[in-house]
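Shown next, in structure tokens, is the structure this report addresses.
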Amino acid sequence: MQVAITCRHGSVSDSLRDYITEKSEKLLTYFERVTAIQITIDQGENQNRVEILVDAEHKHNFVAHAEGDEVKPNFHSALSKMEQQIKKYKQKIQDHRRDLPLNEIAENGLAEAEAEAEVEPESE
């Protein structure tokens, strides 16, 4: 997996760059098919903007951004938004039915009910 950090209108210290890389790699714990993470920090006079783009296999890009005064809190805010998007997507594609599909369960249940109805109780 590849993590790219770019900064517009300023620079980012090496310690902050390492910190951002370490935290953003934790997105792999939520979704294993992440192929690339691109973080863009846009430093303005009054506002800083952090944008996170995540590429995943067989899926379009996930995008999250946050604006504010400081870079670190903005990064954490955007990262939490990204985590929520990835969790929601994984929940959506995950197969929750471990046994049989619903239509097979319904057919099997109906067949069992009919079989029980056919068995007549014995009279004394």
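In this structure, K72 is positioned above the aromatic face of Y19, its NZ or CZ under 6.0 Å from the six-membered ring centre and within 45° of the axis.
Between K87 and Y30, the closest heavy-atom pair is CE-CE2, 3.2 Å. The shortest non-hydrogen separation linking V3 to S24 is CG1-OG, 3.7 Å. Taking each heavy atom of T29 and K26 in turn, the nearest pair found is OG1-O, 2.6 Å. Closest approach of N74 and G68 over heavy atoms only: ND2-N, 3.2 Å. When every heavy atom of M82 is checked against every heavy atom of A64, the shortest pair comes out as CE-N, 3.6 Å.
Put simply, the side chain of P73 does not reach to within 4.5 Å of the side chain of H76, judged on heavy atoms. Using a 4.5 Å heavy-atom cutoff, the side chains of L16 and V71 are in contact. Counting heavy atoms from C-beta outward, I37 and L53 have side chains that stay 4.5 Å or more apart. Side-chain contact between I39 and V50 is present, with heavy atoms from C-beta onward closer than 4.5 Å.
Distance alone, capped at 3.5 Å, is enough to place a donor-acceptor pair between the T35 side chain and the D55 backbone. With N48 contributing its side chain and D69 its backbone, the two residues share a donor-acceptor pair below 3.5 Å.
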Requested in this report: Show your working on side chain to side chain contact (heavy atoms under 4.5 Å, CB included) between K23 and F75 and close with a plain yes or no.
Outcome: CA-CA 10 Å; K23 290 293 184 180; F75 171 71; 3.7 Å; yes
Query raised in the report: Which is it for I41 and T6 under the side chain to side chain contact (heavy atoms under 4.5 Å, CB included) test, yes or no, and what are the steps along the way?
Result: CA-CA 6 Å; I41 301 169; T6 58; over 6 Å; no
Query - From CA spacing to verdict: side chain to side chain contact (heavy atoms under 4.5 Å, CB included), R49, H65 - result: CA-CA 7 Å; R49 179 183 169 107; H65 56 84; 3.4 Å; yes
**Report entry** Audit row: I52, V63, side chain to side chain contact (heavy atoms under 4.5 Å, CB included) steps and yes/no
**Finding:** CA-CA 6 Å; I52 302 175; V63 179; over 6 Å; no
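Atom CD1 of I86 and atom CD of Q91 lie 14.0 Å apart (nearest 0.5 Å). Between atom CD of residue E45 and atom NE2 of residue H9 there is a gap of 10.5 Å, rounded to the nearest 0.5 Å. Distance check: Q85 CD to N61 CG gives 10.5 Å after rounding to the nearest 0.5 Å. Summarising the geometry, atom CD belonging to E57 is positioned 10.5 Å from atom CD belonging to E32; distances are rounded to the nearest 0.5 Å.
No salt bridge links K88 with E83; every basic N to acidic carboxylate O contact stays at or beyond 4.0 Å.
With sequence neighbours left out, F31 forms a ring pair (Phe, Tyr, Trp, His ring centres under 6.0 Å) with Y89.
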